Amino acid sequence: MNKSLLLATLFAGTFIAHAQDNFKPIDSIVKTYESKNGPGLSVRILKDGKTVYNNHAGYANLEKNTKITDESVFNLGSTSKQFTAACIVLLQQQGKLNLNGNLRKYIPEFPAYAEKITLLHLLTHTSGLKDFLILATIQGDESEEYTNAQIKEMMVSLQPDFAPGEKWNYSNTGYWCLAQIVEKVSGKSIGEFARKNIFKPLGMKNTAYYLRPANGIKNKATGYAKKNNTYAPTAPDESAVGGAGVYSTLGDLEKWLVEMQKHHLFGDAFWKAMTEDDAYKSEEVTYTKGLFISPYRSKTMIQHGGDVEGYHPFLGYFPEDKVGAIILTNDDNFKRNDAIIASVDNLLGFQYRYPSKTTETAPVLIPDFMLYSGNYILGENEYVLIEENHGRLVLTYLAEAINATLNPTADPHRFMIEGTSIAMVFSDIKDGKAQKIKSIEGEEITDFSRVEKMPENPAYKVYEGSYHCAGLKQDIKFFTKQGLLYIKLANNKTDWIIHTEGEDFGTKYGEISFKKDASGTVTGFMYNHERAKNLEFVKQ
């Protein structure tokens, strides 16, 4: 072998070894799924338009014992938004609409305020429109069941949260509007328009918009969420195209990322419109057409993830290094950010740091919740309530209406109060119920004993009653039980709420501020969520 050939061979061997080292971090995550009898993930990494890493683990369908492969088709959740935005940009390039055209022109049922909302505002989440997913949550509805007619009826009766262009606030309603506009302007469903103008030209044969019930998807990776320590299938598909709706595969999404890099089919003007033109920019966020332009350490990342029950995908492109990352999963407990870092850190020239090993905590089963749930007293009048809430054990200290999550440990009957060094140890088990709790913080030990009934809190009684929101055409009720204030939604879902300060309470649905008249009588409340503000409810 001559000297130059020897050097070339040695260099190639060294390069391959380093390339393999780049993917040891993501390999370690994939291997954790290989040992689980559950859902999994699928990962593909690109460098300069070519696949440099491809791997998957876990099951696409647990009931059928089907493994995840390159052909597995995953729900993209909000990663779909870039395809909805692409439809709008293509229609603009075809001369069929203008991004500066106003919303009311296309959906005339909206009030006059919609004349100031442009398509560009909708694309960049600067319209001010309330997010219909949040509105569904506060009403106790499943947003996936909403039809186009129901979404329209609800949205046209509500005022926006802020003036168009004034600020940025993520809104699935804006992308529902865009899907409606695509269909009105093109005369086709958004699924058909995208198939003809995007998916088919790029050869994305396994990519499509699907509406509920999405039963006919070949090679579908069913989404799963762990409930009661068992994986259960999820049903995230929508009855109307809002901010999601697309299913796809690794191979098809690779074609989209390669086109994002090389501009072979749609051209420079299209991709400039998608990733640069008229972007909303602030210190917190830069958003273009269904895409975040985000810093990744010292690099730039063009990306969008998705979050629907059972699926948490990621699609990202790093233009300085011509690196693309596709991460698909059907596990609702998937830690997406950990997988992103493990996938690209070394390839982008950063030193990946493996997370420190921690002792896994013992899972808590439903029988355990029943074992610990109940009322406990310290001394003569300091009460705590322990109960299951959305799959977690929660403690509420009645005197100050403070609540905290109890995280299980490897030791039986021992929990840690989340965010603290305080341990709660249950003991004296009788008739399937713990009778005592020891609260341990360092050397300080406090004993609580089970009691059958909590005292009522008369201060909360004034909030009881039914409240009506004219905009939502919906009622919400409040009632007290064992010293706590509860909210009851239209579908009879109930949850206790947490007293924060004065007349203000916190819920998983947002913040509630009660209003009183001069005599101190409660007259109503204002509901505020980050994505749906100033909803007024009047006491009936």
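This chain uses plain numbering: 1 for the first residue, then up along the sequence. No experiment lies behind these values; they were computed from the predicted model shown.
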Are side-chain N/O atoms of Lys81 and Asn172 paired as donor and acceptor at under 3.5 Å?
yes

Applying side chain to side chain donor-acceptor pair (under 3.5 Å) to Tyr296 and Asp345, what does each step give before you reach the verdict?
CA-CA 9 Å; Tyr296 185 89; Asp345 251 19; 2.5 Å; yes

Output, in order, the C-alpha distance, side-chain angles, deciding distance and verdict of side chain to side chain donor-acceptor pair (under 3.5 Å) for Thr249 and Glu71.
CA-CA 6 Å; Thr249 63; Glu71 286 71 44; over 6 Å; no

Cut-off 3.5 Å, side chains only: do Asp141 and Tyr146 have a donor facing an acceptor?
yes

Heavy-atom donor-acceptor pair, Thr173 side chain to Leu129 backbone, under 3.5 Å
no

Residues forming a side-chain contact (heavy atoms from CB on, under 4.5 Å) with Ala114, sequence neighbours excluded:
Leu103, Arg104, Phe110

Stepwise, does the side chain to side chain donor-acceptor pair (under 3.5 Å) test hold for Asn148 with Gln180?
CA-CA 9 Å; Asn148 287 322; Gln180 298 299 296; 3.0 Å; yes

Under the 3.5 angstrom rule, does the side chain of Tyr311 hit a backbone N or O of Gly223 as a donor-acceptor pair?
yes

Test side chain to side chain contact (heavy atoms under 4.5 Å, CB included) applied to Phe74 and Asn330, Ile327, Asn219, Leu253, the passing residue:
Asn330

Would you call the rings of Tyr527 and Phe537 parallel, tilted or perpendicular, where under 30° means parallel and over 60° means perpendicular?
perpendicular

Mind running salt bridge (Lys or Arg N to Asp or Glu O under 4.0 Å) on Lys167 and Glu530 for me, showing each step along the way?
CA-CA 12 Å; Lys167 60 179 73 171; Glu530 186 180 67; over 6 Å; no

Would the distance check show the side chain of Asn491 and the main-chain N or O of Gly140 forming a donor-acceptor pair, the cut-off being under 3.5 Å?
yes

Is any side-chain N of the basic residue among Arg44 and Asp70 closer than 4.0 Å to the acidic one's carboxylate O?
yes

Pairwise side-chain contact, Val43 with Ile326, heavy-atom cut-off 4.5 Å (strictly under)
no

Does any part of the side chain of Leu99, heavy atoms only, come nearer than 4.5 Å to the side chain of Leu97, both counted from C-beta?
yes

Less than 6.0 Å separating the ring centroids of Phe525 and Phe478?
yes

Testing Tyr175, Phe162, Tyr280 one by one against His125 for a ring-ring contact (aromatic ring centres under 6.0 Å, His included), which residue passes?
Tyr175

With no hydrogens and no angle check, just 3.5 Å: does a side-chain donor-acceptor pair link Asp504 and Ser513?
yes

For a quick test of reading the model, state the closest non-hydrogen atom pair linking Thr234 to Gly310 and the distance between them.
OG1-CA, 3.8 Å

Do you know the tightest heavy-atom contact between Ile138 and Leu489?
O-CD2, 3.0 Å

Greater than 12 external heavy atoms within 6.0 Å of Glu166's CD
yes

Quick one: CG on Leu406 to CD1 on Ile417, what's the gap to the nearest 0.5 Å?
6.0 Å

Can a donor-acceptor pair be found, under 3.5 Å and without considering hydrogens, that links the side chain of Ser157 to the backbone of Gly471?
yes

Salt-bridged, Lys220 to Glu63, with N to O below 4.0 Å?
no

When you measure from the side chain of Ser143 to the backbone of Leu133, do you find a donor-acceptor pair of N or O atoms at a distance under 3.5 Å?
no

Within this structure, what is the CZ-CZ distance for the pair Phe369 and Arg392, rounded to the nearest 0.5 Å?
9.5 Å

Within the distance-only criterion (no hydrogens, no angle test), does the side chain of Gln139 pair as donor or acceptor with the backbone N or O of Leu135 below 3.5 angstrom?
yes

State, yes or no, whether a side-chain contact exists between Phe350 and Ile341 at a heavy-atom distance under 4.5 Å.
no

If you draw a 6.0 Å radius around NZ in Lys473, do more than 12 non-hydrogen atoms from other residues or ligands fall strictly inside?
no

Between Asn206 and Val73, which heavy-atom pair has the shortest distance, and what is it?
O-CG1, 4.0 Å

Between CG of Leu328 and CG of Leu76, what distance do you get to the nearest 0.5 Å?
6.5 Å

Is Glu34 atom CD crowded by more than 12 heavy atoms from other residues, nucleotides or ligands, each under 6.0 Å away?
yes

For the residue pair His304 and Tyr170, categorise the inter-ring angle as parallel (less than 30°), tilted (30 to 60°) or perpendicular (more than 60°).
tilted

Should the ring pair Trp271 and His263 be called parallel, tilted or perpendicular, given that the plane angle runs from 0 to 90° and is split at 30 and 60?
parallel

Would you find a donor on one side and an acceptor on the other, under 3.5 Å apart, between the side chain of Thr288 and the backbone of Met274?
yes

Measure from the side-chain N and O atoms of Glu144 to the backbone N and O of Ala235, and report whether any donor-acceptor pair falls under 3.5 Å.
no

Just so I know, are the side chains of Pro39 and Tyr59 near enough to count as touching, which here means a heavy-atom distance under 4.5 Å?
no

Considering all heavy atoms of both residues, which atom of Tyr106 and which atom of Ile181 are nearest to each other, and what is their separation?
CB-CG1, 3.6 Å

Quick one: side chain to side chain donor-acceptor pair (under 3.5 Å) partners of Thr124, sequence neighbours excluded?
Thr126

Treating Asp161 as the side-chain partner and Lys533 as the backbone partner, does any N or O pair qualify as donor plus acceptor under 3.5 Å?
yes

Side chains of Pro355 and Asp338: closer than 4.5 Å at any heavy-atom pair?
no

Test item: Phe415 and Leu395 side chains (from C-beta on) under 4.5 Å apart, heavy atoms:
no

Keeping the roles fixed (side chain from Lys289, backbone from Asp277), state whether a donor-acceptor pair exists under 3.5 Å.
yes

Using the ring-ring contact (aromatic ring centres under 6.0 Å, His included) definition, which of the options Tyr209, Trp256, Phe193 pairs with Phe83?
Trp256

If you measure only the distance, is there a donor-acceptor pair under 3.5 Å linking the side chains of Asn22 and Tyr53?
no

I need the Thr507 OG1 to Ile512 CD1 distance, nearest 0.5 Å.
5.0 Å

Heavy-atom side-chain contact between Arg212 and Glu145 under 4.5 Å
yes

What's the shortest heavy-atom distance between Ala57 and Tyr33, and which atoms?
CB-CB, 3.8 Å

Look at the aromatic rings of Trp168 and Tyr287 and report parallel, tilted or perpendicular, splitting at 30° and 60°.
tilted

Can you find a heavy atom in the side chain of Asp321 that is under 4.5 Å from one in the side chain of Leu347?
no

Report the residues that fulfil ring-ring contact (aromatic ring centres under 6.0 Å, His included) with Phe314, sequence neighbours left out, ordered by chain and then residue number.
none

Decide side chain to side chain contact (heavy atoms under 4.5 Å, CB included) for Cys87 and Ile198; before the verdict, give the C-alpha distance in whole Å, the side-chain angles of both, and the deciding distance to 0.1 Å.
CA-CA 8 Å; Cys87 291; Ile198 299 173; 4.0 Å; yes

Taking atom NZ of Lys262 as the centre, does the number of heavy atoms from other residues, nucleotides or ligands within less than 6.0 Å exceed 12?
yes

Quick one: do the Ser373 and Glu388 side chains pair a donor with an acceptor below 3.5 Å?
no

Between Asp237 and Tyr247 the two heavy atoms that sit nearest each other are OD1-OH, 2.5 Å

Neighbour count >12 (heavy atoms, 6.0 Å) for atom NZ, Lys47
yes

